[in-house]
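Below is one structure, written out as structure tokens; comments come after it.
This structure is a prediction, so every number in the text was calculated from the model and none was measured.
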Amino acid sequence: MPETENARLTAPSLPLGVLLSAGGGFLDAFTYVGHHGVFANAQTGNVVLLGISAATGHWADAVRHVPPLLAFVLGVLTAEALVLPRVARFVRRPMRLALVLEILVLAVLAVVPGGLGDTAVVVLVAYVAAVQATSFRTLRRWSYNSVMTTGNLRTATSAAFRAVARRDREAAEQAGAFGVICLGFLAGAAAGAPLTLLLGDAATWPVAALLAIGLALFLYDERRSR
């Protein structure tokens, strides 16, 4: 199978998974704190807030949660399209492209004078987050989410139970890995909130740098696996 078709099957290492997860936590804190309580990655939160606002008749608040939902869907469709055979002839390394695209978008957000406005910022972040989440879906040999934490927390807890109840060594390894992933997400969110309050949209610089390190680590892992 050509590299263009199996690129997404390449599982990131634990350090890369932690970096991606930390970036996801950072960006959710960035958009929630800096852009009026709207999530970029956690679409569950946006759906809940959309439903609450609509049910209570706060239509202006409800509408704010629609653009990131649509942007996230578009990001997923983009990532899926990148691995279609006819597209893969031109885009041979979609996972690299996903990270480069995200880094460039975050750099642009950091340098635009006066900012792009809340809706544009959240839409762009939601879009690139969805491309990342769809491109990176495995950690070692397990399914995981690189921009949200609910499923990862469930996996960590379930694996920990199996490790203790059944003395399952593989489950213990999985529990440890996903526990670190969840802590990475938490650390990213904890860093994202104060940096957003301090720097505004320029707070995307640190997470862009974090993802640049992740890109370098991805390239290193890819070469080492050959």
Transitively linked via ILVMFWY side-chain contacts under 4.5 Å: L186 with L195?
no
Within a strict 4.5 Å, meaning less than it, do heavy atoms of the Y32 and T196 side chains meet?
no
Hydrophobic clustering (ILVMFWY, side-chain heavy atoms < 4.5 Å, transitive) - are L74 and V122 grouped together?
no
V128 and I103: same hydrophobic cluster, using ILVMFWY side-chain contacts below 4.5 Å?
yes
Just checking H65 against F39, ring centres under 6.0 Å apart?
no
About how many Å separate CG of N41 and OG1 of T149, when rounded to the nearest 0.5 Å?
11.0 Å
Under a 3.5 Å threshold, yes or no: a donor from one side chain and an acceptor from the other, between S13 and Y220?
no
Go through the structure and list residues passing ring-ring contact (aromatic ring centres under 6.0 Å, His included) with F185, not counting sequence neighbours.
none
Kindly work out whether a path of hydrophobic side-chain contacts (I/L/V/M/F/W/Y, heavy atoms less than 4.5 Å apart) joins L199 to V108.
yes
Stepwise side-chain contact (heavy atoms from CB on, under 4.5 Å) test for N145 and N152
CA-CA 7 Å; N145 194 305; N152 297 333; 4.3 Å; yes
Minimum heavy-atom distance between L82 and P94, given as atom pair plus value
CB-CB, 4.0 Å
Applied to residues 171-184, the side chain to side chain donor-acceptor pair (under 3.5 Å) test, sequence neighbours excluded, yields R140-E173, R141-E173, R162-Q174
Measure the spacing between CG of D221 and CG of L14 and express it to the nearest 0.5 Å.
10.5 Å
Applying side-chain contact (heavy atoms from CB on, under 4.5 Å), run through L50 and L69 and close with a yes or a no.
CA-CA 10 Å; L50 171 61; L69 288 166; 4.0 Å; yes
M148 and T150, any side-chain heavy atoms less than 4.5 Å apart:
no
Any side-chain heavy atom of V131 sitting closer than 4.5 Å to one from S135?
yes
Show every donor-acceptor pair shorter than 3.5 Å between a side-chain atom in residues 204-212 and any protein atom, with sequence neighbours excluded, or say none if there are none.
{"residue": "T204", "atom": "OG1", "partner": "L106", "partner atom": "O", "Å": "2.8"}
{"residue": "T204", "atom": "OG1", "partner": "A110", "partner atom": "N", "Å": "3.4"}
{"residue": "T204", "atom": "OG1", "partner": "D201", "partner atom": "O", "Å": "2.9"}

Does one hydrophobic cluster hold both L19 and F26, with members joined at side-chain heavy-atom distances below 4.5 Å?
yes
Could you walk me through whether V105 and V125 pass the side-chain contact (heavy atoms from CB on, under 4.5 Å) test, one step at a time?
CA-CA 8 Å; V105 167; V125 174; 5.6 Å; no
So, taking the atom named CE in M95 and the one named CG in L219, what distance separates them when rounded to the nearest 0.5 Å?
11.0 Å
Decide side-chain hydrogen bond (donor to acceptor under 3.5 Å, both in side chains) for T78 and Y127; before the verdict, give the C-alpha distance in whole Å, the side-chain angles of both, and the deciding distance to 0.1 Å.
CA-CA 9 Å; T78 299; Y127 174 77; 2.9 Å; yes
So F178 and L139, side-chain contact (heavy atoms from CB on, under 4.5 Å) or not? Walk me through it.
CA-CA 9 Å; F178 277 80; L139 176 71; 4.0 Å; yes
Close side-chain approach of L27 to Q132, heavy-atom, < 4.5 Å
no
Between the CG atom in L16 and the CG atom in L20, the distance rounded to the nearest 0.5 Å is 4.5 Å
